[in-house]
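The analysis underlying the following values was restricted to heavy atoms, covering all of them including side chains, and did not include hydrogens, waters or symmetry mates. Predicted, not measured: the structure shown is a model, and the values here were computed from it.
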Amino acid sequence: SKLIPVSQKVLTKMAYGRLFMPQILPADVSRCLYLDSDTIVCKDKIQDFYDTQFDGYAACCRDRSIELFAPQELARTQVSKYFNSGVMVMDIDKICKDGLDKTFLDLFFDPPEWLAKDGCYCDQTILNYAFKEQVKFMDPCYNVQSIMFGYPQYTDYIKEFGYDSQESLVKQAVISHAQGSAKPWNFEQFLHWQQWQLGYRIWQFDVWNFTRKSLLQAYPYLKRYYT
């Protein structure tokens, strides 16, 4: 869609890939685990996260950076608790049963004015708006968001889950998330930055090309959006 905001540095076309999972995944896939390319799985408890039971559309973690520093996003999506879409277990069956797979496509290809404006958080805005807080908010160890390090408000929040400091949360991190514009593949001082950079290139180009090809095969009418 040419109306949805896209930034080649942070919010790229691939950021919208998770919106099309119900169309792309095989019909026998009832749920899926989505991880952003700037995440690292730190512990073998990832299976516990995938197997968690929930009644809503997804299991995910709150995005305190949005809640604290971008309150206009809460008003835009009409929620009081906002989740980060970079780490999610999605209930594909329920999403399709309730017709949200079509809602995703409608909002993406024909976005209302409030969504097309600069300042929205792309797919994350769409998902929060569509799910309407019908998600299970998980322990922050499943999405340790680096952008919040150093903020006392984050320490206050994680104390609700038994962490007495941000350092203790990091030690228990199941998934570490380099959220924000400072990405590991752009800075040589990051550990294994060359591997990060290679992985980013593969994700950015090969996976998006595969996603686009699959979409066009399933929905030929979408060709007008990809010239």
Participant: Run the side-chain contact (heavy atoms from CB on, under 4.5 Å) test on Val135 and Met88 for me, step by step, so that the C-alpha distance in whole Å, both residues' side-chain angles and the decisive distance to 0.1 Å come before the verdict.
Facilitator: CA-CA 10 Å; Val135 300; Met88 294 188 300; over 6 Å; no
Participant: What residues, two or more places apart in sequence or in another chain, satisfy salt bridge (Lys or Arg N to Asp or Glu O under 4.0 Å) together with Lys136?
Facilitator: none
Participant: To the nearest 0.5 Å, tell me how far Ser65 OG sits from Gln145 CD.
Facilitator: 6.0 Å
Participant: List the atom of Pro22, the atom of Asp101, and the distance in Å for their closest heavy-atom pair.
Facilitator: CB-CB, 3.7 Å
Participant: Who are the salt bridge (Lys or Arg N to Asp or Glu O under 4.0 Å) partners of Asp93, not counting sequence neighbours?
Facilitator: none
Participant: Looking at Asp51 and Arg31, is any side-chain nitrogen of the basic one under 4.0 Å from a carboxylate oxygen of the acidic one?
Facilitator: no
Participant: Test side-chain contact (heavy atoms from CB on, under 4.5 Å) on Val87 and Met138 and set out the steps.
Facilitator: CA-CA 10 Å; Val87 177; Met138 300 290 292; over 6 Å; no
Participant: Checking Asp139 side chain against Cys141 main chain: does a donor-acceptor pair fall under 3.5 Å?
Facilitator: yes
Participant: Give, for atom CG of Leu19 and atom OG1 of Thr103, the distance between the pair rounded to the nearest 0.5 Å.
Facilitator: 11.0 Å
Participant: Test of understanding: with side chain to side chain contact (heavy atoms under 4.5 Å, CB included), list the residues that count as partners of Arg64, not counting sequence neighbours.
Facilitator: Arg62, Glu67, Leu68, Met148, Tyr154, Tyr157
Participant: Take atom NZ in Lys171; do more than 12 heavy atoms of anything else shown fall under 6.0 Å from it?
Facilitator: no
Participant: Using the test ring pair (Phe, Tyr, Trp, His ring centres under 6.0 Å), find all partners of Tyr57 that sit at least two apart in sequence or belong to another chain.
Facilitator: Phe131
Participant: Counting distance only, does the side-chain N/O of Asn128 pair as donor-acceptor with the main-chain N or O of Phe83 below 3.5 Å?
Facilitator: yes
Participant: Hey, is CG on Asp44 packed in by over 12 heavy atoms from elsewhere, all under 6.0 Å?
Facilitator: no
Participant: Between CG of Asp91 and CD of Gln53, what distance do you get to the nearest 0.5 Å?
Facilitator: 10.0 Å
Participant: Look up atom CG in Leu33 and atom CD1 in Ile175, then write down how far apart they are to the nearest 0.5 Å.
Facilitator: 6.0 Å
Participant: Go through the steps to decide whether Asn84 and Tyr82 satisfy the test side-chain hydrogen bond (donor to acceptor under 3.5 Å, both in side chains), and finish with yes or no.
Facilitator: CA-CA 7 Å; Asn84 180 269; Tyr82 189 95; over 6 Å; no
Participant: Please say whether more than 12 non-hydrogen atoms of neighbouring residues, nucleotides or ligands are located less than 6.0 Å from CG in Asp156.
Facilitator: yes
Participant: Please test Phe104 against Ile126 for side-chain contact (heavy atoms from CB on, under 4.5 Å), starting from the C-alpha separation and ending with a verdict.
Facilitator: CA-CA 7 Å; Phe104 295 161; Ile126 292 175; 4.1 Å; yes
Participant: For Phe69, check ring pair (Phe, Tyr, Trp, His ring centres under 6.0 Å) against everything at least two apart and list the hits.
Facilitator: Tyr151
Participant: Please verify the inter-ring angle class for Phe49 with Tyr142; under 30° counts as parallel, over 60° as perpendicular, anything in between as tilted.
Facilitator: parallel
Participant: Hydrogens and angles aside, do Arg18 and Ser85 bring a side-chain donor and acceptor to less than 3.5 Å of each other?
Facilitator: yes
Participant: Might you confirm whether atom NZ of Lys45 has over 12 heavy atoms from other residues, nucleotides or ligands at distances under 6.0 Å?
Facilitator: no
Participant: Ring pair (Phe, Tyr, Trp, His ring centres under 6.0 Å) with Tyr163: which residues, sequence neighbours excluded?
Facilitator: none
Participant: So Tyr129 and Val79, do their side chains get closer than 4.5 Å, heavy atoms only?
Facilitator: no
Participant: Answer yes when Asp98 and Lys94 have at least one side-chain N-carboxylate O distance shorter than 4.0 Å, and no when they do not.
Facilitator: yes
Participant: What's the spacing between Ile92 CD1 and Cys32 SG if we round to 0.5 Å?
Facilitator: 4.0 Å
Participant: Let me confirm one number: the CG-CD distance from Asp63 to Glu73, rounded to the nearest 0.5 Å.
Facilitator: 9.0 Å
